[in-house]
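Predicted, not measured: the structure shown is a model, and the values here were computed from it. Excluded from the calculations below are hydrogen atoms, water molecules and symmetry mates; all remaining heavy atoms, backbone and side chain alike, are included.
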Amino acid sequence: MSLQSENVIPGNHGKVFGTNANEVKDLQNIKDKLLLVHGIKDVILNLNIYPKEFTIHTTTLVEIKTIEDEVKRMGFHAIPKGIFPL
């Protein structure tokens with residue numbers, strides 16, 4: 001495991017997560033809850049694809065496990081996509 005695979009790193013790249021939530025209201029609820037997590041500055045929903053995705057941008061290192069656990073509490077999954085291309 002590495003710093004990049006276990007954390008969302010601050011910057012313009014962000015981290016993309018896939019989710020099994022499909023309803024717009026569920027995705028909006030996920031976004032609202034994640035914005036309350038310390039260090040998360042932005043959550044961008046991608047509603048045009050299936051399965052749905054969201055991108056998280058942070059101001060500090062945020063553990064992926066923290067994001068997964070927060071979404072899991074709502075009854076959904078958040079699965080990180082591959083590491084951003086360099």
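Between E70 and V37 there is a side-chain heavy-atom pair separated by less than 4.5 Å. Here the side chains of I44 and H57 are in contact, with some heavy-atom distance below 4.5 Å.
A distance of 5.5 Å separates CG in L27 from CG in L45, rounded to the nearest 0.5 Å.
The salt bridge (Lys or Arg N to Asp or Glu O under 4.0 Å) check on D42 picks up nothing, with sequence neighbours excluded. Not a single salt bridge (Lys or Arg N to Asp or Glu O under 4.0 Å) links E68 to another residue, sequence neighbours left out. Every residue two or more places apart in sequence or in another chain was checked for a salt bridge (Lys or Arg N to Asp or Glu O under 4.0 Å) with K41, and none qualifies.
Between D69 and R73, none of the side-chain N atoms (NZ, or NE/NH1/NH2) sits under 4.0 Å from a carboxylate O, so this pair counts as no salt bridge.
Pairs of residues two or more places apart, or lying in two chains, that qualify as side-chain hydrogen bond (donor to acceptor under 3.5 Å, both in side chains) and include a residue from residues 21-35 are Q28-D32.
V43 and V24 fall within the same hydrophobic cluster, defined by Ile, Leu, Val, Met, Phe, Trp and Tyr side-chain heavy atoms under 4.5 Å apart, directly or through other members. One hydrophobic cluster, built from ILVMFWY side chains closer than 4.5 Å, holds both I67 and M74.
Other residues sharing a hydrophobic cluster with V16 under the 4.5 Å side-chain heavy-atom criterion for ILVMFWY residues do not exist; the residue is a singleton.
Nearest heavy atom pair, residue L34 against residue I40, reads O-CD1, 3.4 Å.
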Donor-acceptor pairs under 3.5 angstrom involving side-chain atoms of residues 48-55: please list them, not counting sequence neighbours.
from, atom 1, to, atom 2, distance (Å)
K52, NZ, L47, O, 3.2
K52, NZ, I49, O, 3.3
E53, OE2, K81, NZ, 2.8

Would F17 and I30 count as a side-chain contact (heavy atoms from CB on, under 4.5 Å) if you check the C-alpha gap in whole Å, the side-chain angles of each, and the deciding distance to 0.1 Å?
CA-CA 12 Å; F17 290 81; I30 289 172; over 6 Å; no
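Checking each of T58, I64, T59 against V62 for a side chain to side chain contact (heavy atoms under 4.5 Å, CB included) leaves exactly one that passes, namely T58.
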